Amino acid sequence: MALYLWVQLLLASLVVAADLPTLYEYYTADGISSGLSADQPYFTLNGKNITLYSGAMHYFRIPPQYWRDRLRKLRAAGLNAVETYVAWNLHESQDGLFDFGDGGTDMQQFLDIQQYIKIAQEEDLFVLVRPGPYICAEWEWGGLPSWLLREDGITVRTSDATYMTYVKRYFDKLLPLLAELQFTNGGPIIAVQVENEYGSSPRKDLEYIQQLYDIIRDNGIVELLYTSDGAGSGTSGTLPELLLQTVNFGGDPKGSFDALKNMQPDRPIMAMEYWTGWFDHWSEGHHTVSNDTFRGIYEGILSYPASVNMYMFHGGTNWGFLNGANIGPGDNSNFQPTTTSYDYDAPLSEAGDYTGKYYIAKELIQQYNTIETLLPDQPELMERQAYASVDITERLNYADIIASSLMIESENPIPMEKLAINGNSGQSYGYIVYRQEGLNIPPDSVLTITAHVRDTVMVLVNGALVSQPLSSSADLDGFGYWRQENSQITLTSSEALSDATLDLVIENWGRGNFGNFYYQYKGLTEDNEVLLNDEKLSSWNIYPLEFSKAWLWTLTDWQPIDDVTGTGPALYRGTLTVEGDPKDTYIDMQEWTKGVVFVNGFALGKHAVIGPQQTLYLPGPFLQEGENEIIVFEEFAAADQIKFSQDPIFSTN
Ligand SMILES: *[C@@H]1O[C@H](CO)[C@@H](O)[C@H](O)[C@H]1NC(C)=O
Ligand SMILES: *[C@@H]1O[C@H](CO)[C@@H](O)[C@H](O)[C@H]1NC(C)=O
């Protein structure tokens with residue numbers, strides 16, 4: 001009897017499921033005559049009412065092998081749309097060199113944006129695209145390529161002709177790829193955003209928004225165009241007669257929606273960003289937003305009623321050198337670099353696990369959505385494994401790192417971006433070394449770096465570290481970090497040094513994506529003078545340490561080591577042997593100090609003992625069966641092993 005009942009129930013549910021149309025069947029079964037319309041106080045798509053239940057997920061923060069898994073998980077929660085930003089700094093990492101999945105750059109595997117959008121459609125989702133060009137997103141310089149800084153006087157995010165020439169050249173490549181995939185052409189893209197929170201920009205130049213609008217339309221984008229801003233920005237960043245306005249917030253949905261309704265009474269109401277969680281900065285606390293808070297606000301949105309894009313639905317990872325930073329007004333003193341993890345405390349975790357918020361969102365959408373369509377089953381979770389610890393077996397000494405690097409001679413220091421390398425695109429990411437040779441250093445010598453460091457500096461004399469290692473957040477107030485103006489360090493004790501080598505190893509810890517982010521040169525800039533006992537140093541040898549994949553493969557001078565003692569920058573290497581299909585894991589960097597981790601040549605992310613992030617998400621697809629090379633660039637004190645964890649670890653600050 002029990003079995004019989006169970007079979008009956010199963011059959012009944014199959015019949016119900018089979019009766020439900022897919023999203024595309026519901027909206028397009030009778031052909032497509034119109035796209036998303038905002039010409040009335042609610043959205044219609046192809047003439048039918050629609051409430052958008054969307055979630056943000058950025059293709060460039062997710063291993064491409066997992067795009068389908070993450071999109072299906074999003075659809076299985078009942079959402080009907082996915083939203084993504086587009087990262088210009090990845091698609092055009094060098095001036096005029098484009099990569100949309102086959103351009104041969106180190107990030108190539110992430111860059112087939114058309115594929116991501118096509119998979120979204122296969123997974124029965126509509127797509128919202130936010131191509132920027134500025135995207136904020138806690139991403140390096142808000143997605144702007146650093147080579148723009150080679151143009152003196154360029155004013156990004158304005159109608160400045162130099163800036164717009166580059167924007168147009170990029171958009172003329174990107175937008176045709178999106179145009180093909182628009183809803184009215186049979187694709188999934190139903191709307192496109194113009195710029196990003198432009199109402200919060202200090203330089204509100206609406207001619208810029210008009211020019212972007214024209215470039216977007218000229219490239220065949222016919223779907224709905226919109227802007228998104230905090231409600232407090234009013235209409236200061238938009239063109240109300242051309243663009244739908246949407247709002248961004250973390251709480252009080254009614255307040256923002258009422259304000260939006262005031263501004264555009266006869267148009268649909270939508271939150272383009274409802275912040276489901278928050279991101280972390282290094283040295284600050286780990287941010288979370290509770291289940292109950294999330295439930296209250298999300299329900300407040302759905303019951304208003306309004307359309308909504310959850311930012312983020314799945315945050316993912318700021319791989320390698322690609323995190324952004326917040327910057328206060330003025331100089332670099334209030335720099336706050338974002339961590340590698342972009343977990344965001346979102347409904348899906350960094351590793352794709354379902355969290356409490358996932359189930360709350362699913363329940364509320366089910367409750368409020370009156371249009372029932374066929375949903376997939378929730379995909380099974382990926383298995384994770386804490387691999388056995390890997391011994392560090394080899395080291396590449398600092399001197400050999402420098403010997404393997406390009407060298408540029410210059411009378412005065414040059415910032416990364418202005419180096420004549422990479423097809424005249426300069427250096428975007430990593431570290432840069434400024435070296436003095438044959439220096440006479442009298443007893444008790446003091447080195448001064450004027451203005452603020454961008455962003456950290458290690459000082460070495462004859463290859464030995466003389467600045468302090470980073471051991472706690474309080475150290476960030478001392479020499480070596482961005483907070484101090486005109487910072488000073490004593491180089492020698494009572495002993496004089498002759499014919500000495502002085503190195504300043506300076507790190508770009510992420511260009512600002514928010515705040516006063518216009519002046520984003522890294523390394524030594526024209527603001528910085530380097531003085532030895534009040535005497536300005538000149539005639540430098542400059543070494544750009546970009547840690548590209550190709551460069552890592554060329555390194556040959558690895559030395560076997562038994563113990564890792566010693567303090568100062570070096571590369572360390574170990575081999576992870578994987579049996580069978582590689583599983584996802586987290587690398588546990590708690591015993592290391594500060595630096596960057598590379599797996600099979602890929603820049604996975606940064607580690608810093610000050611936390612809160614202590615583990616790096618390592619997706620299985622980045623590993624292979626058999627041997628895998630793990631390299632750590634450690635600035636201070638290495639550990640003798642690389643450890644693994646099944647789950648992420650955050651320290652409290
Ligand atoms: C579409 O939504 C509007 C606003 O809620 C409502 O007045 C209208 O009846 C709906 N149309 C259909 C066909 O359900
Ligand atoms: C949120 O809900 C999930 C699932 O019910 C639970 O595991 C988790 O602990 C909750 N989070 C908090 C912060 O209470």
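Source: prediction; values computed, not measured. Residues take their numbers from the sequence shown, with the count starting at 1. Both counts, for ligands and for their atoms, begin at 1 and track the order of listing.
Below 4.0 Å from some heavy atom of Gly356 lie the following atoms of ligand 2, by number and element: 1 (C), 2 (O), 3 (C), 4 (C). Interface of Asn291 with ligand 2, defined as ligand atoms under 4.0 Å from a residue heavy atom, comprises 1 (C), 2 (O), 3 (C), 8 (C), 10 (C), 11 (N), 12 (C), 14 (O).
Salt bridge Glu363/Arg295: present, at least one basic N to carboxylate O contact under 4.0 Å. Using a 4.0 Å cut-off between a side-chain N of Lys or Arg and a carboxylate O of Asp or Glu, Glu123 and Arg75 do not qualify as a salt bridge. Using a cutoff of 4.0 Å between basic side-chain nitrogens and carboxylate oxygens, Glu195 and Arg130 are not scored as salt-bridged.
Among all non-hydrogen protein atoms, the one lying nearest atom 7 (O) of ligand 1 is Tyr42 CE2, 4.7 Å.
Cation-pi geometry between Lys254 and Tyr304 is not met: the NZ or CZ atom fails to fall both under 6.0 Å from the ring centre and inside 45° of the normal. Cation-pi geometry between Lys48 and Tyr26 is satisfied (NZ or CZ under 6.0 Å from the ring centre, within 45° of the ring normal).
Shown here, atom 14 (O) of ligand 2 is in close reach of the protein: a heavy atom of it lies under 4.0 Å off. Not a single protein heavy atom sits closer than 4.0 Å to atom 9 (O) of ligand 1. Under the 4.0 Å distance rule, the nearest protein heavy atom to atom 1 (C) of ligand 2 falls inside the cut-off. There is no protein heavy atom closer than 4.0 angstrom to atom 5 (O) of ligand 2.
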Legend entry - Worked check of salt bridge (Lys or Arg N to Asp or Glu O under 4.0 Å) between Arg483 and Asp477: CA-CA 6 Å; Arg483 289 179 188 160; Asp477 294 325; 2.7 Å; yes
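Some N or O of Asn49 is nearer than 3.5 Å to an N or O of ligand 1, by distance alone.
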